[in-house]
Amino acid sequence: KNKQPGTYEVNYETKWGRIVWLRIHIKLLVDKDKETGIQLIIDDITEKKQLEEKFRLLSVTDELTNIYNRRFMKEKLEEEKERAKRTGSTFSVIMLDIDHFKKINDCYGHNTGDLILKTIAQDFKNRIRKTDTLARWGGDEVMILVPETTVKNAACLAEELCLRLREIYIPDVGYVTASFGVAGYRSGDTIDALIKRADDMMYKAKNEGKNCVRYSNT
């Protein structure tokens with residue numbers, strides 16, 4: 001470009017169907033002000049890229065449940081907020097907390113509590129859209145980011161997940177439930193304000209009998 005040397009990284013599929021990453025160094029060869037050719041140096045950096053991707057996934061994945069972690073979710077929420085500000089779109093968040101989780105841990109042990117979290121994470125992961133983001137927010141709290149979705153439609157999804165959860169049998173424990181809180185993004189919202197509304201709704205669900213969904217209209 002503009003006869004200047006450059007270095008580029010490209011993703012490439014070989015004729016044998018292997019996906020590789022290449023680093024290409026390009027330099028124009030000049031002899032006495034006359035262009036005589038181009039020098040290309042090509043390095044296979046596939047292994048390096050695979051390691052980078054492995055470490056990236058480790059940094060954004062919850063080790064226990066194999067869904068995203070809090071750090072990644074916060075990044076996605078900020079991205080979605082900026083997109084909403086730019087395009088006028090909307091999005092919602094679902095927060096859920098497993099009912100009586102401390103009691104379950106005390107009675108059956110932390111391995112059983114871990115099994116519950118992993119089972120729920122996998123089931124919900126199979127249900128939500130590819131555009132949705134599922135993350136472990138902390139402890140037994142799970143959050144779902146649902147782009148392009150009103151709070152009422154997100155509440156419908158939460159109701160479905162609440163029903164699904166009641167049908168999941170956990171060895172030794174039986175069936176577990178969760179309390180769901182849903183909130184939608186409003187113009188001018190901070191992410192903290194949005195999360196607080198969802199959290200408040202989740203505790204409202206707990207205070208009103210658990211095993212249910214509550215959502216914020218305002």
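The structure places CE of Met201 at 9.0 Å from NZ of Lys196, a figure rounded to the nearest 0.5 Å. Atom CD1 of residue Ile41 and atom CZ of residue Arg23 lie 11.5 Å apart, to the nearest 0.5 angstrom. How far CD of Glu80 is from CG of Leu145: 5.5 Å, rounded to the nearest 0.5 Å. Atom CG of Asp199 and atom CE of Met95 lie 4.5 Å apart (nearest 0.5 Å). In this structure, OG1 in Thr131 is found 13.5 Å from CZ in Phe91, a value given to the nearest 0.5 Å.
Cluster membership check: Leu161 shares its hydrophobic cluster with Val151, using side-chain heavy-atom separations under 4.5 Å among Ile, Leu, Val, Met, Phe, Trp and Tyr.
Under the 3.5 Å distance criterion, the side-chain polar atoms of Thr149 are left unmatched by any main-chain donor or acceptor of Asn153. Side-chain atoms of Asp43 never come within 3.5 Å of backbone atoms of Ile45 as a donor-acceptor pair (strictly under, hydrogens ignored). Of the possible donor and acceptor atoms, none in the side chain of Arg136 sits under 3.5 Å from a partner among the backbone N and O of Ile67. A donor-acceptor pair under 3.5 Å is absent between the side-chain atoms of Arg127 and the main chain of Leu157, judged by distance alone. Asn69 contributes a side-chain N or O that, together with a main-chain N or O of Phe72, makes up a donor-acceptor pair within less than 3.5 Å. With hydrogens and angles ignored, the 3.5 Å screen pairs a side-chain donor or acceptor of Asn11 with a backbone N or O of Val20.
Nearest heavy-atom pair, Asp97 versus Met202, reported as atom, atom and distance to 0.1 Å: CB-SD, 3.4 Å. Ala158 and Val182 get closest at one heavy-atom pair: CB-CG2, 3.9 Å. Of all heavy-atom pairs spanning Cys212 and Ala205, the tightest one is SG-O, 3.5 Å. Of all heavy-atom pairs spanning Cys162 and Asn211, the tightest one is SG-OD1, 3.7 Å. Glu148 and Ser89 make their closest contact through OE2-CB, 3.5 Å (heavy atoms, listed as atom of the first residue, atom of the second, distance).
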Using atom types as modelled, flag every donor-acceptor pair under 3.5 Å from a side chain in residues 103-121 to any protein atom, sequence neighbours excluded.
{"from": "Asp106", "atom 1": "OD2", "to": "Lys102", "atom 2": "NZ", "distance (Å)": "3.0"}
{"from": "Thr112", "atom 1": "OG1", "to": "Tyr108", "atom 2": "O", "distance (Å)": "3.3"}
{"from": "Thr119", "atom 1": "OG1", "to": "Leu115", "atom 2": "O", "distance (Å)": "2.7"}

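No salt bridge links Arg70 with Glu141; every basic N to acidic carboxylate O contact stays at or beyond 4.0 Å. In summary, Lys49 and Glu53 do not engage in a salt bridge, as defined by a charged side-chain N under 4.0 Å from a carboxylate O.
Counting only N and O atoms by type, the side chains of Thr190 and Asp192 include no donor and acceptor under 3.5 Å apart.
The closest side-chain heavy-atom distance from Lys3 to Val30 is not below 4.5 Å. Contact check for Asp132 versus Phe124: no side-chain heavy atoms found under the 4.5 Å cut-off.
Considering Ile195, Val93, Ile144 in turn, Ile195 is the only one that fulfils the side chain to side chain contact (heavy atoms under 4.5 Å, CB included) rule with Trp137.
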Can you list the steps and then say if Asp99 with Lys210 is a salt bridge (Lys or Arg N to Asp or Glu O under 4.0 Å)?
CA-CA 7 Å; Asp99 297 329; Lys210 303 180 175 63; 5.9 Å; no
